[in-house]
Amino acid sequence: GDTWSSANQGIDSRYLGTLFMHPTDPQTLLAGAGHLSYPEGAGIYLTTDGAETWARVYGGVENEGFDSVEFALSDPNIAYAASAGGVWRSDDRGVTWRKQSSDGPWGPPFIRVGFPIDLQVDPRDPDRLFINAYGGGAFVSTDAGRSWQIASTGYTGAQVRGVAVDPANPGRVWATARSGLFVSHDGGATWE
């Protein structure tokens with residue numbers, strides 16, 4: 001980290017909220033760009049040459065920024081991206097994308113989840129996702145983001161900042177939040 005150089009060629013937004021490196025190919029990275037306040041160039045970006053050049057592989061919807069991207073560690077061909085408006089999945093290392101959630105925003109029925117802060121793919125199951133969001137806590141999906149359940153029973157604050165799944169025990173999930181550190185021993189059903 002002593003020296004840095006620009007790695008923005010091909011990225012049309014300077015509001016980058018998320019970056020994730022492919023687990024077996026460090027030349028391949030995904031970036032999520034844009035925000036409601038900074039909509040120009042929003043989308044999902046992919047590089048396959050170590051960030052020399054980037055291509056916007058999904059442009060998203062007007063004014064929609066992508067807050068989190070991640071490759072599945074158990075199947076690195078699968079990647080996910082999340083925004084306030086939905087969850088997208090790629091089965092070809094981030095080249096093409098399809099929306100997983102229904103026509104409306106992602107999340108459980110009748111709950112406005114808000115902007116995702118972090119997305120984690122279970123290291124053993126590429127269809128099991130965890131997202132924490134500004135508007136409503138932590139959520140889990142067991143069907144690749146098509147449906148969601150609340151995963152914050154016992155959680156006392158709404159601003160979760162990070163989520164991590166224990167690689168040796170996927171039922172144990174950690175969350176850092178405005179009000180402290182939380183752990184779930186049952187896959188996010190309840191929290192301490």
Side-chain angles (χ1 to χ4, degrees), residues 4-73 75-109 111-121 126-136 139-141 143-148 160-163:
W4 293 83
S5 60
S6 177
N8 297 307
Q9 186 176 342
I11 296 179
D12 299 324
S13 172
R14 293 301 179 258
Y15 192 97
L16 297 177
T18 181
L19 181 69
F20 199 89
M21 184 181 289
H22 191 278
T24 61
D25 177 8
Q27 295 294 91
T28 299
L29 295 97
L30 288 172
H35 185 272
L36 183 60
S37 300
Y38 305 97
E40 290 82 21
I44 304 166
Y45 289 83
L46 173 70
T47 180
T48 57
D49 59 11
E52 291 290 324
T53 59
W54 293 85
R56 187 163 65 166
V57 290
Y58 184 78
V61 201
E62 185 178 337
N63 295 334
E64 182 170 27
F66 284 86
D67 304 293
S68 192
V69 294
E70 183 164 328
F71 284 102
L73 299 180
D75 184 348
N77 290 317
I78 297 173
Y80 290 94
S83 72
V87 173
W88 282 258
R89 176 176 163 142
S90 171
D91 291 315
D92 57 7
R93 294 173 55 115
V95 175
T96 60
W97 295 85
R98 70 180 177 283
K99 189 173 183 182
Q100 293 294 93
S101 48
S102 63
D103 292 335
W106 69 275
I111 295 178
R112 186 174 182 266
V113 294
F115 294 96
I117 299 169
D118 193 20
L119 161 70
Q120 291 288 305
V121 181
D127 292 335
R128 188 166 181 238
L129 311 175
F130 293 90
I131 292 182
N132 57 307
Y134 278 113
F139 303 90
V140 62
S141 172
D143 60 4
R146 289 184 289 278
S147 65
W148 294 87
V160 176
R161 302 275 185 203
V163 176

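What's counted below: heavy atoms across the whole structure, side chains too, no hydrogens, waters or symmetry copies. The model shown is predicted, which means the values in this text are computed figures rather than measured ones.
For residues 32-52, no pair satisfies salt bridge (charged side-chain N to carboxylate O under 4.0 Å, His left out), with sequence neighbours left out. Counting only residues at least two apart or in different chains, salt bridge (charged side-chain N to carboxylate O under 4.0 Å, His left out) contacts with residues 7-22 are absent.
When the side-chain hydrogen bond (donor to acceptor under 3.5 Å, both in side chains) test is applied to Ser6, the partners found at least two apart in sequence or on another chain are Asn8. With sequence neighbours left out, Thr28 forms a side-chain contact (heavy atoms from CB on, under 4.5 Å) with His22, Asp25, Leu46, Thr48, Phe71, Arg93. With sequence neighbours left out, Arg128 forms a side-chain hydrogen bond (donor to acceptor under 3.5 Å, both in side chains) with Asp122. Here Ala84 pairs with Phe115 under the side-chain contact (heavy atoms from CB on, under 4.5 Å) rule; sequence neighbours left out.
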Check your understanding: Do Val121 and Ile78 pass the side chain to side chain contact (heavy atoms under 4.5 Å, CB included) test, and can you show the C-alpha distance, the side-chain angles, and the key distance before you say yes or no?
Key -> CA-CA 10 Å; Val121 181; Ile78 297 173; over 6 Å; no

**Study point:** Pair Asp67-Thr18, side chain to side chain contact (heavy atoms under 4.5 Å, CB included): steps then yes or no
**Key:** CA-CA 6 Å; Asp67 304 293; Thr18 181; 5.9 Å; no

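Using a 30° and 60° split on the angle between ring planes, Tyr15 and His35 fall in the tilted class, from 30° to 60°.
When every heavy atom of Gly34 is checked against every heavy atom of Ser13, the shortest pair comes out as N-OG, 3.7 Å.
Ring pair Trp88/Tyr58: centre-to-centre distance below 6.0 Å.
The local environment of CD in Gln27 is crowded, with over 12 non-hydrogen atoms from other residues, nucleotides or ligands closer than 6.0 Å.
Only one option out of Arg89, Gln120, Gln100 pairs with Tyr80 in a side-chain hydrogen bond (donor to acceptor under 3.5 Å, both in side chains); it is Arg89.
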